[in-house]
Structure formats: structure tokens, C-alpha cells
Amino acid sequence: MWPAQAMSGSLVLFGPPGAGKGTQAGLIVDLTGKPQVSTGDMLRAAVKAESAMGMEAKEYMDAGLLVPDSVIIGLIEERLTEADASAGVLFDGFPRTIRQAESLEAIANVVAVISIEVPDSAIVERIVGRRMDPETGGIYHVNFNPAPPEIVSRLIQRPDDNEETVLARLAAYHEQTAPLAAWYGERDLLVSIDGDHSIDEVAAAVETVVRGLA
Ligand code: AMP
């Protein structure tokens, strides 16, 4: 077993929308064996299932606003009771507020927060060109990471991946989420990576960090 597979505790992937968290998450899952817990994916599944929670969350998501903490914390509490979460998970897109981080502290042992840093100037282009494969959850970009031609026709664009909503999401990030970097820094848990590079270059940096944690 590779050492990181024996690492106990949870990891957090942190960064602005479009930083590449979802893209890099797969690598960390492969390296550590920890399941990815993406609140964005969980909320999109609830929207698709048309549950009452999903319908409430959709209003916030479409507006580029954060879904209320109580909803998110409830989702996470439930997810962490599942058997595959017992040795820790990889949180992706969570926590996004200090209150969420405080709640998480009470229910999980976070051993590192990997922050992927990307300047605002690069975010809009990354998000507007992003496409998702609804069959596999794969994430592509029309220029930076084109999908294989045989699947291009089935790709979708997230409803919140448009320029107007991205600006609201960035504003929410700076106001409510970015302060978490200092919060985790004070706890000596923050490791920063320069995400303003190619996917492969960022992956190499992520791999070095994860191997260093084992
Ligand atoms: P993401 O897929 O991580 O970009 O999340 C998409 C949208 O889901 C966000 O813009 C928020 O509206 C909502 N969301 C996802 N995770 C959270 C969270 N931890 N706290 C609040 N809202 C969230």
C-alpha cells in the first residue's frame, strides 16, 4: 500500500470557483484512496432529483450565492456517517464559510487544506469555457482541456457557468470563503499551490504536496 493510502484524516481542496479543484480531485482520490466529497456535486444531484432541498438550493446556485450553512452542514453530517468516510475524505468545495469550518472541526479530523490559487483575471475564461460530461462527471475546457471528439456532443455547460453568475460567485468567494485561508493558516493546515499553470503542472505540484503529507 502506498503510504498516503494509510493516511488517516481528511483533506480539503480549497480555492476560488474555476481553480481546478474538481479536476485535481481525481488525482488525490487515486493517491490517497479517500472518497471525494463535493458539496457542489451533491447539490446538483439534489437539484436533478427535484427534492425540496434541491429546489431551495437551486435558487442560490443559479444566482451565484452560497447555499445556507445549515443545509450544507446537514448534507455533510449525513455523508460522513457512510462507511467509506470512516478513514477520512477529500472535501471539494467545502467548507466555504468560517461557520462551515467550525462545524467541520467538531465532526472530522482535517489534516491539510490544499489551496489552489488562481487570480481573478483567469477565472472567467476558465469557467465560461468549462464543459461537463453528464455520464462520467468528467470536466473539460473548450481550449485548455478539450474532450475527446466522440463525447463532445453529450457535454453540457453548468447553468451557473456563465459570465454574470461567475462574477457573483467570485464576489461570494472573496467575501465569505477567502477568509478561511487565514483561518486554516492559523491552524497550520494550509498548503498553497500556484494554480495559474497547465493542468499537468498543477497536478505535479498537488502530487508533491500529497506525497509530503504521507
Ligand atoms: P461548486 O460546484 O463547488 O462550484 O458549487 C456550485 C454552487 O453550489 C455554488 O456556487 C454554491 O451555490 C453551492 N455550494 C457548493 N458548495 C457549497 C458550500 N460548501 N457552501 C455553500 N454553497 C455551496
Side-chain angles (χ1 to χ4, degrees), residues 10-26 28-29 35-49 51 53-80 85 89-108 110 113-116 118 120 122-134 136-141 155-181 183-184 195:
S10 291
L11 302 175
V12 171
L13 254 179
F14 182 81
K21 300 185 295 294
T23 298
Q24 301 296 341
I28 303 179
V29 167
Q36 176 187 5
V37 173
S38 156
T39 41
D41 286 349
M42 292 162 85
L43 292 168
R44 279 183 288 277
V47 171
K48 202 170 164 196
S51 69
M53 186 274 282
M55 293 301 92
E56 187 200 344
K58 187 176 175 352
E59 308 260 320
Y60 293 93
M61 295 164 81
D62 285 349
L65 302 173
L66 293 188
V67 171
D69 286 335
S70 54
V71 173
I72 300 290
I73 292 163
L75 268 180
I76 290 289
E77 278 173 348
E78 202 179 309
R79 179 66 184 84
L80 292 185
V89 305
L90 172 66
F91 293 108
D92 164 8
F94 172 86
R96 262 178 156 99
T97 63
I98 302 271
R99 189 168 151 223
Q100 290 178 18
E102 285 170 349
S103 300
L104 182 61
E105 238 183 352
I107 54 173
V110 172
V113 176
I114 303 171
S115 169
I116 306 184
V118 176
D120 282 8
I123 301 275
V124 174
E125 189 186 10
R126 281 179 176 223
I127 290 202
V128 172
R130 176 157 70 181
R131 300 290 183 271
M132 278 177 97
D133 179 355
T136 65
I139 304 169
Y140 299 93
H141 188 281
L155 298 183
I156 55 159
Q157 187 171 23
R158 274 171 47 173
D160 56 345
D161 276 354
N162 60 75
E163 192 160 345
E164 192 192 342
T165 312
V166 171
L167 296 179
R169 288 161 66 195
L170 263 180
Y173 173 77
H174 286 296
E175 247 170 64
Q176 295 167 277
T177 307
L180 269 177
W183 195 89
Y184 278 121

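Counting convention: from 1, in listed order, for ligands and their atoms alike. Remember, it's a predicted structure, so these values are computed and weren't measured experimentally.
- Closest to atom 20 (N) of ligand 1 among all protein heavy atoms lies Q100 NE2, 2.9 Å.
- Every atom of ligand 1 with a heavy atom of G93 under 4.0 Å away is listed here by number and element: 16 (N), 17 (C), 18 (C), 19 (N).
- Note: no N/O pair closer than 3.5 Å links F94 and ligand 1 by distance alone.
- Among protein heavy atoms, atom 13 (C) of ligand 1 sits closest to L43 CD1, 3.5 Å.
- Under the 4.5 Å side-chain criterion, counting only non-hydrogen atoms from C-beta, L90 is not in contact with V37.
- With a 4.0 Å cut-off on non-hydrogen atoms, K21 does not touch ligand 1 at all.
- Here the side chains of T165 and D62 are not in contact, with every heavy-atom distance at 4.5 Å or above.
- Considering each of V71, L66, L65, V67, the one bringing a non-hydrogen atom nearest atom 12 (O) of ligand 1 is L65.
- Counting only non-hydrogen atoms, the option in R96, K58, M61 that gets closest to atom 5 (O) of ligand 1 is R96.
- Contacts with ligand 1 closer than 4.0 Å are made by side-chain heavy atoms of R158 only, the backbone lying farther away.
- Between E77 and S103, the closest side-chain pair of non-hydrogen atoms is not below 4.5 Å.
- Of the options T39, D41, D160, the smallest heavy-atom separation from atom 16 (N) of ligand 1 is shown by T39.
- When only interatomic distances are considered, the shortest N/O to N/O separation between Y60 and ligand 1 does not fall below 3.5 Å.
- With hydrogens and angles ignored, the 3.5 Å screen pairs a side-chain donor or acceptor of S10 with a backbone N or O of V89.
- D161 and R169 are joined by a salt bridge, as a carboxylate oxygen and a charged side-chain nitrogen come within less than 4.0 angstrom of each other.
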